[in-house]
Amino acid sequence: MKLLSALLFLPLVIACSSAEQPGSSQTGEVFSLEGGGVEEIESPAGPGAAHSFVSAAGDGSLLLSWLEPAGSNHALRISRLRDGSWSEPVTVVERDDLFVNWADFPSVIEASDGRLAAHWLQKSGSSTYAYDVWIAQSADGGQTWGTPFRLHDDTTQTEHGFVSMVPEPETATVAAVWLDGRHMGGGHDGHGGDMTLRFGRFGPDGTVTDGKVLDTRTCECCATGMALGSEGPVVVYRDRSENEIRDISIVRRTASGWTEPATLHADGWEIAGCPVNGPQVAARGREVAVAWFTAPEGNARVNVAFSSDGGATFGTPIRVDEAAAEGRVDLVLLSDGSAWVTWIEGEDPAAAVVGRKIGRDGTRSPLLKIAATTSARKAGFPRMAQAADGDLYVTWADSATVTVRIARLRV
């Protein structure tokens, strides 16, 4: 497997590089199944767009965000899908110092009071990984945006990113977790200190409160995942032991406060570098599902595990791939308790964005090929959200046409 071999023998800084790796040309074909299994819909993104993210809004609409070139700058833009039509894209921020990275990308979500919160990454210094997390909020659907604020309370010229945000309905706040490299001293390989996982929440005025260090040593550049369970936020991430075991850990906020980090499953993946392949989590009350990529002893796979007690314990992991996983997972938890999981499967020229439904009893639906892609970094990370009518929407970066695409899955 090309990804794994590259990670085993290249320094960590290469694994996390913002530079894209060459890959074979792809057709970008969308696999439309008989009966309407996959249907590509029009994308509001412009030429050159990439790094897309999709989330569900409270009124049943969907929010799509992406980065695209704007002259010598880059712009973070968003659009809303309502009743089958996209709104005119609006610009959240446009700058010449945005940190544009294949694995660490912006997002937009809607808070419970209807305001939008968008995050992006902005250079803070001249070194490669000196960048901060900035957030802006909009109370009018994205037409105007308030004064941006920094998510973290330090100004060190180090890495801050891989943000996950979820709305908290009871308080109209937004919960956020991120990887924070303030102790790394500019050393992305960890020699200057360890990467930490941190939490904070913010309301309409942009004040960040309840700051908490959730883990003092984590993998340096794998995506985080967070969902809101019945008791509070459930956070998953790739951990890092002193012996370079980089398995998935979970931290939860309960009535008693934050739990200590716990290994979700002991895969035993020992790797002396960041695989840039983090987990994702979904929750409905006390039902929780987590999907992740792992490759102990070179055995690459995508797993999903279920919990019925808010993430305190999990059942045996269920393998979901077809023995050619590249990872970059996402998932949603369906109303019947099953999970729908997406990931990239296969190497070029046969790589594809794929997905399937996984039952709590281990049953797996037939593999659904959503779109042809590349296994190179420029494919980015496909992202998924569920609309109010139950349909799933998957967005990905098409390296052949160099734009953002989106498809509806009738599952």
Side-chain angles (χ1 to χ4, degrees), residues 53-65 78 80-82 92 106-119 133 135-142 145-146 149 151 163-178 198-212 214 224-237 250-259 280-290 306-312 330-337 339-340 383-393:
F53 182 88
V54 63
S55 62
D59 63 356
S61 63
L62 291 172
L63 295 166
L64 182 71
S65 63
I78 67 167
R80 187 188 296 264
L81 180 66
R82 182 184 284 121
V92 179
S107 68
V108 61
I109 67 164
E110 184 181 87
S112 59
D113 61 1
R115 77 184 190 279
L116 303 184
H119 101 269
V133 177
I135 292 176
Q137 300 186 94
S138 172
D140 58 9
W145 294 84
F149 58 93
L151 178 59
V163 176
S164 294
M165 300 189 297
V166 297
E168 298 182 294
E170 292 185 1
T171 57
T173 54
V174 172
V177 293
W178 68 96
R198 294 176 183 254
F199 172 89
R201 55 167 50 94
F202 56 88
D205 66 356
T207 301
V208 182
T209 62
D210 297 326
K212 173 73 174 178
L214 301 182
T224 62
M226 179 167 55
L228 192 67
S230 56
E231 290 188 275
V234 179
V235 180
V236 294
Y237 57 100
I250 183 169
V251 179
R252 302 170 293 117
R253 184 158 188 168
T254 69
S256 301
W258 286 101
T259 64
Q280 291 298 300
V281 60
R284 285 177 176 263
R286 291 182 60 78
E287 303 295 319
V288 178
V290 179
F306 293 92
S307 170
S308 297
D309 54 13
D330 203 4
L331 86 163
V332 297
L333 194 55
L334 305 179
S335 59
D336 64 1
W340 231 91
R383 282 296 174 254
M384 174 173 51
Q386 186 173 32
D389 61 5
D391 287 347
L392 303 177
Y393 289 78

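The structure presented is a predicted model; accordingly, all values stated were derived computationally and were not measured.
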Distance, nearest 0.5 Å, that separates OG1 of Thr259 from CG of Leu214: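 If we round to the nearest 0.5 Å, Thr259:OG1 and Leu214:CG are 8.5 Å apart.
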How far does OG1 of Thr224 sit from CZ of Phe199, to the nearest 0.5 angstrom?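 These two atoms lie 12.0 Å from each other.
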Grab the two heavy atoms, one from [X] and one from [Y], that are nearest each other, plus how far apart they are.
X      : Y      : result
Ala56  : Ala385 : N-CB, 4.0 Å
Pro167 : Ser112 : CB-N, 4.1 Å
Leu333 : Ala289 : CD1-CB, 3.8 Å
Met165 : Ser107 : CE-OG, 3.6 Å
Met226 : Pro233 : SD-CB, 3.9 Å
Gly337 : Phe306 : O-CE2, 3.5 Å

Any heavy-atom pair between the side chains of [Y] and [X] that's under 4.5 Å?
X      : Y      : answer
Ser164 : Val235 : no
Val92  : Val108 : no
Gln137 : Phe202 : yes
Val234 : Ser307 : no
Leu334 : Gln386 : yes
Glu287 : Ser308 : yes
Phe149 : Thr207 : no
Val177 : Tyr237 : no

Test side chain to side chain donor-acceptor pair (under 3.5 Å) applied to [X] - qualifying residues, sequence neighbours left out:
X      : answer
Arg253 : none
Asp389 : none
Ser55  : none

Kindly indicate, with the supporting measurements, whether the criterion side-chain contact (heavy atoms from CB on, under 4.5 Å) is fulfilled by Ile78 and Leu116. CA-CA 10 Å; Ile78 67 167; Leu116 303 184; 3.8 Å; yes
Glu168 side chain to Ala111 backbone, donor-acceptor under 3.5 Å: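 No; judged by distance alone, with no hydrogens or angles, the pair does not exist.
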Quick one: does His119's side chain have a donor or acceptor within less than 3.5 Å of a partner on Ile135's backbone?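 The answer is no, because no donor-acceptor pair under 3.5 Å joins these two groups.
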Which residue pairs satisfy the salt bridge (Lys or Arg N to Asp or Glu O under 4.0 Å) criterion with at least one member in residues 224-233, sequence neighbours excluded?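 Output for this query lists Glu231-Arg286.
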Return a table of donor-acceptor pairs under 3.5 angstrom between the side chains of residues 57-64 and protein atoms on other chains or two or more places apart.
unit_1: Asp59; atom_1: OD1; unit_2: Ser61; atom_2: N; d: 3.0
unit_1: Asp59; atom_1: OD1; unit_2: Ser61; atom_2: OG; d: 2.5
unit_1: Asp59; atom_1: OD2; unit_2: Arg82; atom_2: NE; d: 3.4
unit_1: Asp59; atom_1: OD2; unit_2: Arg82; atom_2: NH2; d: 2.6
unit_1: Ser61; atom_1: OG; unit_2: Arg80; atom_2: NH1; d: 2.9

Does Asp309 have any salt bridge (charged side-chain N to carboxylate O under 4.0 Å, His left out) partners at least two apart in sequence or in another chain, and if so, which?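 None.
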By the definition side-chain contact (heavy atoms from CB on, under 4.5 Å), identify the one residue from Gln280, Arg284, Met384 that meets it with Val332.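 Result: among Gln280, Arg284, Met384, Met384 is the only option passing the side-chain contact (heavy atoms from CB on, under 4.5 Å) with Val332.
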